[in-house]
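Only one structure is covered here, and it is reproduced in the block below.
Residue numbers start from 1 in every chain, and the chains themselves are labelled A, B, ... in the order their sequence lines are given, proteins ahead of strands.
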There are 2 protein chains.
Amino acid sequence: MSKSKRLMELMMTVNRKKKFTVKELASEFDVSTRTILRDLQELSELGVPLYSEVGPHGGYQVLNERILPPIAFTEEEAVAIFFACHALRHYAYLPFETESSSALSKFYFYMSGDVRDRIDEMKNRIDFVIPSRQAKFPYLSILLDGAIRQKVIRIEYESREGVSTRLIQPVGIYASSGLWYCPAYCFLREDIRLFRCDRIKSAEEDTSGTQPLNLRHLHLGNREALLPSEQEFTSLYVELTEEGVHRCEAEHWSATKLHRREDGTGWLEGSLPKGDIPFLAQFFIGLGADATVQHPPELIDNIKRRLAEMMARYV
Amino acid sequence: MSKSKRLMELMMTVNRKKKFTVKELASEFDVSTRTILRDLQELSELGVPLYSEVGPHGGYQVLNERILPPIAFTEEEAVAIFFACHALRHYAYLPFETESSSALSKFYFYMSGDVRDRIDEMKNRIDFVIPSRQAKFPYLSILLDGAIRQKVIRIEYESREGVSTRLIQPVGIYASSGLWYCPAYCFLREDIRLFRCDRIKSAEEDTSGTQPLNLRHLHLGNREALLPSEQEFTSLYVELTEEGVHRCEAEHWSATKLHRREDGTGWLEGSLPKGDIPFLAQFFIGLGADATVQHPPELIDNIKRRLAEMMARYV
DNA sequence: GTATTTGTGACAATAGTTGTCACTATTATA
DNA sequence: TATAATAGTGACAACTATTGTCACAAATAC
């Protein structure tokens, strides 16, 4: 095996093992220990953060910030990655350190001038707009970590009724139109709840010893289907114009209930937790003439009441 | 210079030059032509798409699908890139070939098992939600290309009045809540207009010889400020609750007009093209009790009329 | 004290790289 | 048609890098 190839494989091996002895690697790669020592020194010079201790039970260790073996990308791939990272820059808060800028400068350095120019030209000609918000989301990484390792997190949450302290077990986090949300099991309500992350005023791993539930099977992809809910349901039917269909497409709660006709119009049909009626009433009012609610009557009544209140304000 | 270093630099040089002779490189790198020939063969084996022609005016060429020299990323960077690309997968239509998946599999291959596991765990625990739409956007790359090279594009555009053929000169394209938009100079209206890309029914480079205008200085970052507009304006004042402030943050037209108070409430104040009144009336109706329009009277009248119409439908 | 481990230096054996030279083949162009 | 420019190959010697071996130093757990 050529030296360079061995170095790359060595890099992957030490990244995998994280702790190892020189002898071990020597027999694995079928070279002498002297060669492995020389190789490890080279890896170290290449930036792999190696650390060694002498003596029995000693050996080598690779520290956290590991580096991957060099990868050759095509320019097309580099451009795609560049714009993927570019799209993320609208998020002021992210749950992981945004190392993307250092990654981008590496790409930028190795790109030839004309691709660089092409990217510079494109940067101002294409955008992925995300509403930028005032809200602050300082606890995303704690919540995400809680979701991954299935830990119980103690949060202070600000709801309409004021600030309360709760224990939650996060299912995951997601961003939608500039806001972060965290679906989680709430030990206070004893059910899955959706928390808005900007209303979480503090978050830390729970130390009181509350046992996490076994919710590993629950994740962002399936939480809606699995949600056990004791809420009272009623059925919904709403007639939509073409524009109404467009507006409903953008709301993720309505996507599954949406049906389309050939001519572009459509309707919403499905079941509906009664607790959502106030929200839906306001939503359909916002659609104006593009949505006509036909069922349930409670929803229609709520809409009428709201319309009357608004009329009263503008007399 | 060591051989490996020379190979990397050679890779960058051939990417930059695109066309070159062996002799040229030999003198540039101060090695014999025989060595350069051997090096080029190695590059070829590494995947650089080289092509050569003998004879005078012959030489080497590197074909389009160029590859970058291998780059070493840290695992943190790899994770960040991974999720940036992950976020883009919600876009069914993109203006460039989405080579990101091949890039991701390269990363995936070189990552050690535990980081791979970490990413697998994260994949289902974090998401960047973009509304998924039925609409089709087949002409994004033509529009983006038109914006970059400042070309005139002939489109068929479907508006309320039916399908019309227009010549436009794109400023750029952007995605917002699942839809793509293209601000462009419209040769028909002789002004900048915003086109919704799913309503563009065909697009091709214009061949009739219409001269493109000099709009290079216009791009997505500044187009709003530079827009000359002959519309009639009136002033707007809207009182907002805390929730109303939140909802207005998400709309990019209102972000510049939004003012906040200490207690979280706020107001909208600014000028307003009269043509936007119907849109705004519907928007503020959607905000319900969270917005109270105080000016202009035309807007209030329009809101009242709409409320009355809706009341009538739900009698 | 001993076994285990990293670590260094020297040197010879081995393997890889480079330059030179002789030669082939193709092609544009004078 | 001859000539010059270009890629390309093979052989070999000179040079350079890599490797293994060995001797030895130093730290440390048990």
Review item, side-chain donor-acceptor pairs of residues 104-113 of chain B, under 3.5 Å, at least two apart:
residue, atom, partner, partner atom, Å
B/Ser105, OG, B/Ser101, O, 3.4
B/Ser105, OG, B/Ser102, O, 2.9
B/Lys106, NZ, A/Ala72, O, 2.9
B/Lys106, NZ, A/Glu77, OE1, 2.9
B/Tyr108, OH, B/Asp120, OD1, 2.7
B/Tyr108, OH, B/Asp120, OD2, 3.0
B/Ser112, OG, B/Asp114, OD1, 2.8

If the cut-off is 4.0 Å, is [X] near the phosphate of [N], judged by side-chain N/O to OP1 or OP2?
| X | N | value |
| --- | --- | --- |
| B/Thr35 | C/dG19 | yes |
| A/Ser32 | D/dG20 | yes |
| B/Ser52 | D/dA7 | no |

Whole angstroms only, please: what is the [atom1]-[atom2] distance between [X] and [N]?
| X | N | atom1 | atom2 | value |
| --- | --- | --- | --- | --- |
| A/Ile36 | D/dT18 | CD1 | P | 15 Å |
| A/Gln61 | C/dT5 | CD | P | 14 Å |
| B/Glu53 | D/dA4 | CD | P | 22 Å |
| B/Phe29 | C/dT18 | CZ | C1' | 16 Å |
| B/Leu25 | D/dA7 | CG | C1' | 13 Å |
| A/Asp39 | C/dT6 | CG | P | 14 Å |
| A/Glu42 | C/dT8 | CD | P | 14 Å |

Can you list the residues that meet the salt bridge (Lys or Arg N to Asp or Glu O under 4.0 Å) rule with [X], with sequence neighbours excluded?
| X | value |
| --- | --- |
| A/Glu75 | B/Arg66 |
| A/Glu9 | none |
| B/Glu42 | B/Lys3 |

Nucleic acid contacts of residues 1-15 of chain B, taken as heavy-atom distances under 4.0 Å to DNA chain C: B/Lys3, B/Arg6
Pairs under 3.5 Å (N/O, protein and nucleotides 9-12 of chain D):
residue, atom, partner, partner atom, Å
D/dG10, N7, B/Arg34, NH2, 3.3
D/dG10, O6, B/Arg34, NE, 3.1

List for me each residue that meets side chain to side chain donor-acceptor pair (under 3.5 Å) alongside [X], sequence neighbours excluded, and say none if there are none.
| X | result |
| --- | --- |
| B/Ser208 | B/Asp206, B/Thr210 |
| B/Asn15 | none |
| B/Lys23 | none |

Please list each protein N or O that sits under 3.5 Å from an N or O in nucleotides 27-30 of chain C, with the distance.
none

Compute the centroid of each ring, for A/Phe187 and then for A/Tyr185, and state whether the two points are separated by less than 6.0 Å. yes
B/Pro49: which residues meet the side-chain contact (heavy atoms from CB on, under 4.5 Å) condition with it, sequence neighbours left out? B/Val62, B/Leu63
Tell me, please, which residues at least two apart from B/Asn124 pass side-chain contact (heavy atoms from CB on, under 4.5 Å). A/His219
Which part of the nucleic acid, if any, lies within contact of A/Gly58, taking any heavy atom under 4.0 Å across all strands shown: a base, the sugar-phosphate backbone alone, or nothing? nothing
Sidechain N-carboxylate O distance under 4.0 Å for B/Arg6, B/Asp30: no
